[in-house]
Amino acid sequence: MNTENHEPQTPSWSIADAEKTYRVKRWGNGYFEVGDSGDLMVTPRYDQPDLKINMREVIDEMQQDGIQFPAVIRFHDILRSQVEQLNKTFRHVIEEAKYEGHYQGVYPVKVNQMREVIEEIVSAGKRFNYGLEAGSKPELVAALAYNTNKNALTILNGYKDEEYLRLALLGIQIGRKVIVVIEKYSELLLLIKLSKQLNVEPMIGFRAKMMVKGRGKWESSSGERAKFGLSLSEMLNAKKLLEEENLLHTVTLLHFHIGSQLTDIRAIKEAVQEASLIYCSLYQMGIPLKYVDVGGGLAVDYDGTQSTNDSSCNYGLAEYVADIVYGFKQSCDLQSVPHPNLVSESGRSITAHHSCVVTKVIGEIMPGGNSYPTRKTTGEHIIVTNMRDYHKDLNQNNFQETYNDISQLKEQAEQAFKLSVLTIEEMAKVESLYWKTLHAVNDFVQQQEFISDELKEIEEKLSSQYLANFSVFQSAADSWAIDQVLPIVPISRLDERPSKRCTFVDITCDSDGKIDQFIGDEHNANFVPMHPLKKNEDYFIGIFLTGAYQDVMGDMHNLFGRLNEVHVVSYDDDPKDFYIEEVVRGTSVESVLSTMQYTPAILAQTLKKEIDKEVARGKINPRQGVQLIDFYESCLAGYTYLKV
Ligand SMILES: *Cc1c(COP(=O)(O)O)cnc(C)c1O
């Protein structure tokens with residue numbers, strides 16, 4: 001080891017180390033991996049494992065096409081693959097279990113309502129009669145136009161008014177299987193009234209208020225205080241009422257949903273047990289149920305820990321499906337009730353992997369900032385000299401002690417500065433020397449096999465903030481709102497040791513606009529390793545698994561609008577295995593301002609008048625005046641994010 005200039009040798013780094021650090025394969029679900037070139041690779045089709053797209057090449061092409069970042073990259077093949085895998089897994093398990101119902105899933109529109117997403121899912125699901133679920137009037141309006149397969153289900157959840165129910169009956173009139181799930185007893189009264197009035201027989205589902213609690217962030221979706229669903233007594237009252245109205249035969253589905261991102265498979269097993277019992281009892285009472293809808297909840301392993309962490313789950317698709325199919329089979333066989341057809345409303349798991357946000361790191365905010373020259377000057381305060389000596393005398397045997405000493409000395413310096421004992425220049429030197437020494441101490445710490453908790457805090461103190469050109473509020477809302485962990489990985493240089501410890505800050509002027517929770521071993525980590533930035537070389541990062549909810553929940557904080565978007569489609573005959581099928585432009589400054597009731601033309605006119613006045617006064621020359629107006633107008637038409 002070369003102790004003289006405090007530069008310990010760094011051990012070598014391999015692709016396998018990158019995989020271990022970022023756990024790409026674990027959260028990637030077969031779609032993402034670190035390539036031998038050190039670039040992040042995408043395998044978007046599960047049935048074509050040799051077709052690999054290099055994300056670096058996608059970004060290169062976007063740059064050539066003049067697409068500004070941040071941008072969303074959508075892999076349509078991943079959506080397709082997820083729809084196929086879900087349906088095929090159910091079919092396979094149903095066959096294996098000799099289950100007598102079939103599977104007929106629906107995609108819950110609220111998880112990602114983008115038209116292109118819905119189109120792809122409907123198209124991929126056609127041969128499985130895969131349908132759509134709507135939770136509001138606008139979602140139903142879209143679902144009616146897109147779910148044109150007459151054999152597929154359209155399932156309606158959420159609170160409903162008369163208009164919503166009339167739309168449902170319209171669906172029935174055009175031959176669709178539209179099932180109104182009754183969330184609240186009063187909806188049933190309204191539906192019966194309308195159905196008589198319009199002379200259209202509805203298809204009815206009951207949502208059960210479940211006793212079992214989901215676990216994780218969404219556990220309040222069930223239990224007696226749940227917002228939605230009928231209690232057992234309400235279901236029995238509903239049965240009586242429908243019998244009197246001669247409509248009992250229209251009740252076809254039992255629905256439950258105990259929460260999204262169910263992290264623990266045990267909650268699913270318990271829910272299946274409870275729901276199968278309710279199903280059997282209602283069936284035996286004469287309600288001709290044909291379907292049981294197990295709702296959403298199929299989780300995504302965002303942090304790749306395969307645990308019951310909030311951002312993970314301790315099961316996979318095969319186990320989830322098996323627990324549902326075998327669970328219902330067992331209960332029904334025991335009670336001699338026919339096996340119901342199974343419906344699920346998996347949204348997160350279908351969409352999460354297919355899109356990511358790619359952006360550039362545009363700066364680094366270092367602890368301590370830029371250092372100040374620390375040369376010794378005559379008559380300097382002894383505190384400065386001492387700090388310099390600690391740096392000079394640091395070695396392998398005293399680094400722990402030095403750490404304690406400089407921490408204490410820095411505190412003393414701060415006191416001395418407040419009492420005007422140290423000058424501002426001396427304080428600046430103390431700070432610079434402190435950070436320099438701390439870095440050197442850390443180099444020794446990193447050589448240790450065992451690192452004490454006390455020394456671990458050094459890493460945190462030294463972690464940099466990387467400034468990335470995006471808005472957390474627009475692109476990673478759940479990371480801000482509920483501490484959702486999303487994988488963040490450099491797109492390239494993965495064959496190089498990421499020697500910096502970083503957190504991320506965005507470009508909003510909100511101190512909450514940051515990401516400081518990352519994939520860790522047992523607990524979330526407070527920083528993520530990244531590479532040192534290079535002059536004249538772009539550093540791209542990807543925020544992954546943003547296809548579910550994040551894509552569509554973003555808000556307009558600071559008036560950063562929607563992102564530019566590219567749709568990447570795999571294509572075997574292309575040398576790069578892909579092409580960009582579509583570019584969707586993000587929000588321009590003028591359109592974002594329009595949504596806030598501004599009129600861009602008036603803004604430009606006002607500015608022009610002001611500039612003309614200054615031209616008239618001779619403060620601005622006329623040619624310059626015209627350029628200024630042109631510039632203002634080009635900003636209005638441009639992208640909201642930083643042009644870097
Ligand atoms: C949100 C929601 C879903 C989707 O759940 P995921 O966990 O995203 O699959 C399904 N059904 C209902 C009723 C929902 O409210």
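Each ligand, and each atom within it, is numbered from 1 in the order the structure gives. Note that the coordinates shown come from a computational prediction; the quantities given were computed from them, not determined experimentally.
- The distance from ligand 1 to the heavy atoms of Arg348 drops below 4.0 Å at these ligand atoms: 6 (P), 8 (O), 9 (O).
- Taking the centre of each ring, Trp27 and Phe32 come in below the 6.0 Å mark.
- Heavy atoms of Pro108 found under 4.0 angstrom from ligand 1 belong exclusively to the side chain.
- Partners of Lys88 according to the side-chain hydrogen bond (donor to acceptor under 3.5 Å, both in side chains) rule, which considers only residues two or more places apart in sequence or in another chain, are Tyr46.
- The residues Arg74 and Glu120 are annotated as not salt-bridged, no charged nitrogen and carboxylate oxygen being separated by less than 4.0 angstrom.
- Looking at every heavy atom in both residues, Val24 comes nearest to Glu19 through N-OE2, 3.4 Å.
- Atoms of ligand 1 found under 4.0 Å from any heavy atom of Val111 (numbered from 1 in listed order, with element): 8 (O).
- Among all non-hydrogen protein atoms, the one lying nearest atom 9 (O) of ligand 1 is Gly347 N, 2.7 Å.
- Geometrically, ligand 1 and His255 share no nitrogen or oxygen pair separated by less than 3.5 Å.
- Taking any N or O of Gly295, backbone or side chain, none lies under 3.5 Å from an N or O belonging to ligand 1.
- Residues in residues 143-174 take part in these ring pair (Phe, Tyr, Trp, His ring centres under 6.0 Å) pairs, two or more places apart or across chains: Tyr159-Phe228.
- Contacts with ligand 1 closer than 4.0 Å are made by no heavy atom of Phe228, backbone or side chain.
- A donor-acceptor contact shorter than 3.5 Å links the side chain of Ser471 to the backbone of Gln474.
- Ligand 1 has Ser346 within reach: a non-hydrogen atom of the residue lies less than 4.0 Å from it.
- The protein atom (non-hydrogen) at minimum distance from atom 8 (O) of ligand 1 is Tyr549 OH, 2.6 Å.
- Considering only non-hydrogen atoms, atom 2 (C) of ligand 1 lies nearest to Lys110 out of Glu345, Lys110, His257.
- You'll find the side chain of Leu194 reaches within 4.5 Å of the side chain of Gln197, heavy atoms only.
- Short contacts between ligand 1 and Asn157, defined as distances under 4.0 Å to a heavy atom of the residue, involve ligand atoms 13 (C).
- Within ligand 1, counting atoms from 1 as listed, the ones closer than 4.0 Å to a heavy atom of Gly297 are 5 (O), 6 (P), 7 (O), 9 (O).
- Put simply, the side chain of Tyr302 reaches to within 4.5 Å of the side chain of Gln261, judged on heavy atoms.
- Across every non-hydrogen atom of Asp506 and Thr508, the tightest pair is OD1-OG1, 2.8 Å.
- The nearest protein atom to atom 6 (P) of ligand 1, hydrogens excluded, is given as Ser260 OG, 3.5 Å; this is a heavy-atom distance.
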